[in-house]
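To start, the structure itself, in structure tokens.
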Amino acid sequence: MRRGRPIDELAGTATTDAEGAPGRRHPLKRLALAFVSPDSYGMVLGLIVATYVTAVTVQGPRTSPLVVLMQTVTVWLALRTSKVRRSTRLVADVVLALAVLGVLGSTILAKEEAWSGLPVMSSLLYFIAPIAIIRHLVTRPAVDQEAILGALAAYLLIGMFFAFTYRSISLVQAGPFFGVDGDGAMPQFLFFSFTTLTTTGYGNLVPGANPGQSFAVAEMLIGQLFLIVTFGKIVSAWRPARWAAASATTTETAPPTEDRPSERS
């Protein structure tokens, strides 16, 4: 499949500086183009936010198939952008195909029990995508705009993964997931997941028993480690383009130091 054009090419003809050398485009323009380019994590990030908004606002029997369909597109694009290996793409394609079949089956049957297994598919989809993104970010030679967008996308995907995992647990465990607060709907699972991931912990929603409690502990630990390790490394290594250009210019224009003649003994 032919890949889309890079963001720099989509921006049009490159600008030039006073000496006629190619200049860098405006950061806001590059950021805007990242959200419409199929080869950028910006579009992945936008689809994640759109899926979240759809899951918490659109209610009804058709919501689950619609959300899973949006997830399928998001994960496919994330895997394409992260350039995963062929074997990983093969496994992911099988899961994506099963998700599409589940969406079609639940839509045709139009019964409540028909899409009860879709949260499991959602969990699998969101489990594959952040791993692929993180692996790609680790191999990138420099920390740039794409690295920041990719890290944000992976972080949000982790929160979505745990939200749909909690939903899957609530469908199979004996008691209500949130104990006295009941099973909860998808908006409650998403709210609980992201407050747990960020260790905000309002305490209004709490898993009533295992395995929900154990998954909540795992999400808290992963969320903290991700912020400390991944974002900490990005912030420490990231250098804005103007700073890098100024540093390179300073290095080029600095007068060479004269070697002193060695002293004879």
Would you say the side chain of [Y] lies within less than 4.5 Å of the side chain of [X], judging by non-hydrogen atoms?
X	Y	result
Leu45	Tyr41	no
Ile134	Phe226	yes
Ser40	Glu146	yes
His136	Val84	no
Tyr155	Thr198	yes
Gln213	Val217	no
Arg135	Ser82	no

ring-ring contact (aromatic ring centres under 6.0 Å, His included) with Phe189: which of Phe177, Tyr166, Tyr52, Phe215?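 Single pass found, and it is Phe177.
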
Return the minimal non-hydrogen interatomic distance between [X] and [Y], and the atom names on each side.
X	Y	answer
Thr230	Ala151	CG2-CB, 4.2 Å
Ala153	Val44	CB-CG1, 4.2 Å
Gly182	Pro176	C-CB, 3.5 Å
Ala154	Pro130	O-CB, 3.9 Å
Asn210	Ser214	OD1-OG, 2.7 Å
Ile133	Ala78	CD1-CB, 4.1 Å

Rounded distance [0.5 Å steps], [atom1] in [X] versus [atom2] in [Y]:
X	Y	atom1	atom2	answer
Thr196	Ile222	OG1	CD1	12.0 Å
Ile48	Leu77	CD1	CG	9.5 Å
Met160	Ser123	CE	OG	10.5 Å
Leu156	Leu47	CG	CG	12.0 Å
Arg167	Leu190	CZ	CG	11.0 Å
Gln224	Thr199	CD	OG1	4.0 Å

Can you get from [X] to [Y] by hopping between Ile, Leu, Val, Met, Phe, Trp and Tyr side chains that sit under 4.5 Å apart?
X	Y	value
Met220	Phe164	no
Leu152	Val138	yes
Tyr202	Phe178	yes

Residue from Leu205, Val206, Leu197, Asn204 passing side chain to side chain contact (heavy atoms under 4.5 Å, CB included) with Phe192: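 With Phe192 as partner, Leu205, Val206, Leu197, Asn204 yield a single side chain to side chain contact (heavy atoms under 4.5 Å, CB included), made by Leu205.
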
